[in-house]
Structure formats: C-alpha cells, structure tokens
Amino acid sequence: MKKEYKFPENFFWGTATSAVQSEGRVSGDQKGMDIWDYSSKEYNHRFYHGITTEQVSGFYRDYREDIKKASDISLNSFRTSISWARLIPNGVGEINPEAITFYKNVFTELREKGLSVFVNLYHFDMPMALQKEGGFENKNTIEAYKNYAETCFDLFGDLVDYWFTFNEPMIPAEAGYLHDRHYPYVVDFKRAAQVLHNIVVSHCEAVRVFRKKKRNNQIGIIMDVLPVYPRSSHPADMEAARMADLFYTRSLNEVILKGEYPVELIEILTEYNQLPPQVSKEELALIKATKIDLLGINYYQPRRVKAKECLVNPNGVFMPENFFDPYIMPGRRMNTSRGIEIYPKGIYDIAINIKKLYGDIPWFVSENGIGIQDEEAFIRDGIVQDDYRIEFLTEHLQWLHKAMKEGVNCKGYHMWTFVDCWSWINTFKNRYGFYRLNLETGEKTLKKSGIWFKEVIENNGFEV
Ligand code: BGP
C-alpha cells in the first residue's frame with residue numbers, strides 16, 4: 001500500500017544557487033574580480049577541465065528565461081546570492097550601476113512570478129581587491145562587509161523576503177586556510193580560526209545593521225552540517241566522534257545559535273596554542289547579543305569517524321584531524337561521482353538535533369542534492385532520465401517528513417540546484433540541476449526530476 005507524505009501549507013519548495021556559480025560575465029558588466037575569477041585563471045590546473053568562472057550557466061544573460069523556467073516547475077521560492085565584487089567592484093567604495101539594475105530586475109522578476117526571494121550576501125566570493133589586503137584575516141574586512149550588507153539592505157530591501165549573511169561560513173576558513181582547497185590555499189589552523197572568528201563577527205555586524213533598519217523581512221545564515229557517527233560504541237571511537245563534532249559543528253553552531261564558543265574548544269586551542277590572536281571583549285558581547293530569524297541547513301553527507309590509529313606527529317601541523325580518523329564504513333552507499341556517502345537518515349538526525357540543542361528555531365533545508373558525472377549518458381528522448389535524483393530526493397524528504405511529524409520546526413526544502421552550475425574545483429564535472437545545461441549550446445532543458453518536483457510541489461507532497 002502506498003503511503004502519503006504531505007507537507008504543511010506555505011512550505012517553501014525551491015532551489016538554491018549562487019552568483020559566482022551561475023551568473024557568468026558579459027562585456028560591459030563592470031564586475032570587479034573575486035577570488036574565483038582570479039584563482040580559476042591563475043591556478044587553472046586546480047579546476048576540472050580548466051573551466052573558469054566566465055563560462056558558467058549564463059544567469060546574468062538569461063535570468064528572465066531562467067526565472068520563467070523556475071516558475072514553469074512551480075517553485076515558490078528561489079535562493080541566489082549577490083556578488084559583492086559585482087556590486088562593489090573594489091569591495092569598498094564605488095557601486096556598479098549595472099549590478100544594481102541587474103539585481104533589481106532579478107528580484108522583481110522573481111516576485112512577479114510569485115516566488116519568494118531568498119538572498120545570500122556571501123557565498124565564498126571575496127572581492128580580489130580585499131583579498132589582497134588579507135580578506136577575512138584582516139579586521140578591516142569586517143567593516144567593508146558590514147557596509148556592503150547595508151548597501152544591499154538599502155538597495156534591495158523592498159524586493160527581498162529573506163536575507164542570509166553567509167553560506168557555509170566554515171568553508172572559507174576551512175577550505176581556504178586549512179585544507180588547501182580554495183584560494184588563498186593556506187594551511188594554518190590559527191589563521192583559519194581567525195578567519196572564522198572574523199566571519200562570525202561580520203555576520204553579527206550585518207544582523208545589527210539589519211535590525212536598525214526595522215524592516216519586516218527576516219535575516220539568517222546558512223550552515224553546512226555533517227552529522228557525525230562513530231565507528232562503534234567503544235569509548236575511543238565515541239571520543240573521536242565528539243571531537244569531530246566539537247571542531248566542525250559545535251564550534252560554529254554554538255557561537256551562532258547560542259552566542260558562545262564551546263568552552264572545551266577554547267581550552268583545547270589554548271593548550272595547543274592555536275587560539276586566534278584577535279578576539280575582543282566587544283566582539284564576544286556582540287556575538288552573544290546576536291539572534292537570527294531563520295536558519296538554513298545544507299546537507300549532503302555524514303561524517304563517519306573512528307579513533308586515531310597512529311600517533312600524531314608532535315611537530316606536525318595542528319589539525320582537527322589530530323583527534324580522529326575518517327572511517328570508511330564497509331557497504332556504505334556512495335555517490336561515486338562526488339566520492340561522498342549517501343545517507344538520507346542524516347537529515348532526520350540533524351533536524352532532531354536542532355530541536356534538542358538549539359531550541360525551536362525556525363529552519364529549512366537550504367541545500368540538498370546529488371551531483372552526477374556524465375549525465376548525458378542518461379538522456380533518452382531528449383530528457384535526462386535521472387531516476388537516481390528522484391530516489392535521492394524522495395528518501396531525504398521521507399526522513400524530513402518523519403522529523404516534522406515529531407515536531408521539528410522545518411519551513412521548507414531547497415534543492416541544489418536549479419540549472420546545472422559551475423562548482424568550486426569540480427566546475428561542470430558533476431551535474432546537480434533540475435535543468436540540464438548543454439555546455440556547447442547554452443541550452444537548458446528540464447530533466448525527469450524537474451517534472452517530478454513540479455508534481456511534488458503542486459501536491460504539497462508525494463506518495464510512495
Ligand atoms: C555546497 C555549496 C554549493 C555547492 C554544493 C555542491 O557546499 O554551498 O555552492 O557547490 O555544495 O557541492 P560541489 O559543488 O562541491 O559538488
């Protein structure tokens with residue numbers, strides 16, 4: 001017998017993308033350079049097939065047709081980001097009039113088509129002019145970010161329903177200053193911790209400015225959460241899991257949602273001489289006073305860990321991974337294109353944890369999806385037959401539904417992503433969209449999953 005999964009009235013059904021990953025360049029757009037424009041050229045070998053930010057999915061050019069495509073599949077909400085370097089080419093100072101027109105047009109068009117407008121201010125894309133001065137390592141960037149945020153609230157405040165200060169604030173610190181994945185490719189825990197702290201303060205400054213404006217729209221932040229699972233219930237494995245959670249989840253969740261860094265984390269960083277040097281009392285007071293309205297959670301994969309098997313080099317680089325090893329669980333379900341585990345129950349565990357640990361804060365799934373390589377192999381009758389994506393989304397939504405029946409305060413579900421887009425490092429290797437992008441022709445065609453999602457939205461649920 002089939003079971004029905006219904007979602008509440010006014011549930012947000014939508015998709016997410018970001019400026020760098022979707023907009024692209026056209027001549028005369030007057031956009032300033034950001035770290036992705038720079039690194040995808042200067043470190044081109046680090047990017048799959050050497051594709052740069054210029055060749056993305058053309059949202060800058062096609063936004064009207066794209067928004068019509070969003071409305072064609074009945075989305076009721078849509079997230080993108082503003083490119084800081086497009087709006088303020090040098091990060092501070094002069095504003096680019098072309099960008100004002102573009103973003104006003106985009107947000108107006110979305111509203112006219114009946115979609116709620118979700119706008120994020122920072123999706124990994126530091127303007128190059130500010131990165132040259134140290135990016136988020138430099139305290140002046142906090143002020144620059146605050147001014148940028150205020151400029152956005154003033155220019156677009158009437159057109160945006162939900163603002164977000166950052167997407168995955170851990171990533172610029174972790175990928176850019178610890179794990180050598182994003183520019184500036186630094187490996188240094190203490191510097192990463194300073195970057196993270198300055199991002200947190202920037203978030204708080206933006207929220208403070210926003211509150212002063214007394215607008216009736218809302219503000220929040222989007223976090224990525226990898227729920228942690230130990231290999232076994234052996235105390236050493238449990239401790240490894242606790243440490244992974246402390247460094248990668250609690251570090252940020254507690255400071256944003258509870259207003260304080262975990263005491264234990266501070267103790268460990270003090271012991272290993274890894275505390276960020278520039279943290280003021282005023283900043284800590286501001287952090288404590290800052291509250292958000294809506295939390296976004298990006299979920300892609302779990303983090304499985306076990307106790308360390310080798311002693312750590314006492315003279316080596318300090319890493320959170322000094323306290324745990326990744327655990328490759330036999331028989332785990334894999335998305336082999338992306339090299340990550342598929343674990344739909346993770347979304348349920350996150351939901352229950354938010355309720356348990358962070359009160360009844362309203363939140364939504366701000367990203368969830370599956371990136372698949374060589375999707376053209378699945379084209380039949382001109383359509384990508386992406387049954388694997390339908391299955392992936394169905395399973396995640398089933399677990400989300402279960403959590404919601406148990407009382408979690410989830411307001412919506414946004415899929416990553418709308419049209420196949422460019423990605424950090426992987427460029428167009430893995431395709432995530434409801435619409436396929438033909439890289440040669442620029443054509444955007446609906447996949448089977450897009451047709452399925454439209455039905456889900458129109459029925460506000462599905463049967464399985
Ligand atoms: C999230 C990012 C997105 C997007 C997505 C897919 O972490 O917020 O910008 O890229 O991951 O991951 P990837 O593109 O690395 O496959």
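Counting starts at 1 for both ligands and their atoms, following the listed order. Nothing here was measured: the structure is a model prediction, and the numbers come from that model. The figures here come from the full heavy-atom set of this structure, side chains too, leaving out hydrogens, waters and symmetry mates.
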Considering the heavy atoms of H123, write down every atom of ligand 1 situated less than 4.0 Å from one of them.
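Those atoms are 2 (C), 3 (C), 8 (O), 9 (O).
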Is D125 salt-bridged to R86, going by a charged N under 4.0 Å from an acidic O?
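Between R86 and D125 there is no salt bridge, as every charged N stays at least 4.0 Å from the carboxylate O atoms.
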Sidechain N-carboxylate O distance under 4.0 Å for K68, D62
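So K68 does not pair with D62 through a salt bridge.
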Which residue from W416, Y300, F428 reaches closest to atom 11 (O) of ligand 1 through any of its heavy atoms?
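The option holding the nearest heavy atom is Y300.
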Quick test of your reading of the structure: of W424, Y432, F124, W422, whose heavy atom lies closest to atom 12 (O) of ligand 1?
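Looking at heavy atoms only, Y432 sits closest to atom 12 (O) of ligand 1.
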Nearest-neighbour protein heavy atom for [atom], which is reported as residue plus atom name and distance:
{"atom": "atom 13 (P) of ligand 1", "value": "S423 OG, 3.3 Å"}
{"atom": "atom 15 (O) of ligand 1", "value": "R338 NH2, 2.8 Å"}
{"atom": "atom 2 (C) of ligand 1", "value": "E367 OE1, 3.4 Å"}

On the ring face of F378, is R431 found with NZ or CZ under 6.0 Å from the centre and within 45° of the axis?
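Not flagged: R431 not positioned over aromatic ring of F378.
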D420: which of K429, K444, K447 passes salt bridge (Lys or Arg N to Asp or Glu O under 4.0 Å):
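By the salt bridge (Lys or Arg N to Asp or Glu O under 4.0 Å) criterion, D420 pairs with just one of K429, K444, K447: K447.
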Below the 3.5 angstrom mark, is there an N/O of Q21, backbone or side chain, next to an N/O of ligand 1?
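Q21 vs ligand 1: N/O contact under 3.5 Å present.
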With a 6.0 Å cut-off on ring centres, are Y185 and Y43 close enough?
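They qualify: ring centres under 6.0 Å apart.
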For the ring pair F118 and F364, is the centre-to-centre distance below 6.0 Å?
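Close enough - the centres of the two rings lie under 6.0 Å apart.
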Does the residue N167 have a heavy-atom contact with ligand 1, meaning some pair of atoms that are separated by less than 4.0 Å?
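Distance cut 4.0 Å: N167 passes for ligand 1.
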